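Below: one structure, written as structure tokens.
Quick caveat: nothing in here was measured; it's all calculated off a predicted structure. Numbers restart at 1 for each chain; the letters A, B, ... are given by sequence-line order, proteins then strands.
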Amino acid sequence: GEDVEQSLFLSVREGDSSVINCTYTDSSSTYLYWYKQEPGAGLQLLTYIFSNMDMKQDQRLTVLLNKKDKHLSLRIADTQTGDSAIYFCAEMTGGYNKLIFGAGTRLAVHP
Amino acid sequence: GAGVSQSPSNKVTEKGKDVELRCDPISGHTALYWYRQRLGQGLEFLIYFQGNSAPDKSGLPSDRFSAERTGESVSTLTIQRTQQEDSAVYLCASSQGVRRYEQYFGPGTRLTVT
């Protein structure tokens with residue numbers, strides 16, 4: 001079946017890099033996503049990667065995809081306090097009708 | 001342009017009552033999705049609408065849940081005879097036809113069943 005797993009908590013120092021990891025089970029995933037959720041807010045689409053790519057960079061964000069191991073990661077360079085949030089990994093499988101989400105990783109940035 | 005909007009932002013209801021949640025998708029977005037997020041958890045897919053096609057209802061947890069959408073506009077999610085386990089944030093998302101892989105979410109409706 002479809003399942004997405006991610007660690008629940010990550011704490012980093014301001015200015016350091018953060019790496020949030022995710023594993024998924026469905027090898028037919030077409031797109032993989034990272035969403036950000038700040039307290040009391042909806043989900044913000046941060047970035048996504050098509051399954052035939054292995055890396056995507058967007059300013060401070062780098063997404064790495066290891067399709068063989070079904071592993072996705074999000075690296076945030078120069079992490080700031082404004083990056084404190086819950087980050088959700090998600091996969092889209094088959095058609096475009098739904099996303100399968102992980103439980104979210106809470107990123108805490110401390111001075 | 002305006003994003004996805006949802007109303008109400010908060011709803012408190014008594015167990016056994018019916019509730020209606022509303023979603024206004026981004027203008028021009030043909031696809032609309034409902035998800036549920038229980039406290040401390042990820043999102044669970046509920047239902048998907050695409051244009052005039054039959055909706056994908058595979059995620060609805062019970063027959064107390066139903067949703068409607070008129071054309072490519074507003075959608076309502078109805079929960080009948082609410083139970084305490086229905087307490088959650090209900091999120092709506094929409095996507096554009098040619099870029100259906102980009103789903104944009106509304107702020108959600110927090111439902112509390114007492």
Checking [X] side chain against [Y] main chain: does a donor-acceptor pair fall under 3.5 Å?
{"X": "A/Thr105", "Y": "A/Phe9", "result": "no"}
{"X": "B/Ser87", "Y": "B/Val113", "result": "yes"}
{"X": "B/Gln103", "Y": "B/Tyr101", "result": "no"}

**Message:** Can you tell me how the ring of A/Phe101 sits relative to the ring of B/Tyr35, calling it parallel under 30°, perpendicular over 60° and tilted otherwise?
**Reply:**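 Correct class here is perpendicular.
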**Separation of A/Trp34 CH2 from A/Ile20 CD1 (nearest 0.5 Å)** =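 These two atoms lie 5.5 Å from each other.
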Under 4.5 Å from a heavy atom of chain A, the part of [X] involved:
{"X": "B/Gln50", "answer": "neither"}
{"X": "B/Leu43", "answer": "both"}
{"X": "B/Phe49", "answer": "neither"}
{"X": "B/Gln6", "answer": "neither"}

**Asked** So which bits of residues 42-75 of chain A come within less than 4.5 Å of chain B, counting non-hydrogen atoms only?
**Response**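 So the qualifying residues are A/Gly42, A/Leu43, A/Leu45, A/Tyr48.
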**Message:** Apply ring pair (Phe, Tyr, Trp, His ring centres under 6.0 Å) to residues A/Tyr33 and A/Phe88 and explain how you reach the verdict.
**Reply:** CA-CA 8 Å; A/Tyr33 300 80; A/Phe88 290 94; over 10 Å; no
**Asked** Side chain, backbone, both or neither: which part of A/Leu8 has an atom under 4.5 Å from a heavy atom of chain B?
**Response**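 It is neither, since no heavy atom gets under 4.5 Å.
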**Message:** Using heavy-atom distances under 4.5 Å, tell me whether A/Gln6 contacts chain B through its side chain, its backbone, both, or neither.
**Reply:** neither
**Flag side-chain contact, heavy atom, 4.5 Å: A/Ile76 against A/Ser17** = no
**side-chain hydrogen bond (donor to acceptor under 3.5 Å, both in side chains) partner of B/Tyr33, the single match among B/Ser75, B/Ser94, B/Ser95** =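 Result: among B/Ser75, B/Ser94, B/Ser95, B/Ser95 is the only option passing the side-chain hydrogen bond (donor to acceptor under 3.5 Å, both in side chains) with B/Tyr33.
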**Message:** Please determine whether a side-chain nitrogen of the Lys or Arg among B/Asp86 and B/Arg64 lies less than 4.0 Å from a carboxylate oxygen of the Asp or Glu.
**Reply:** yes
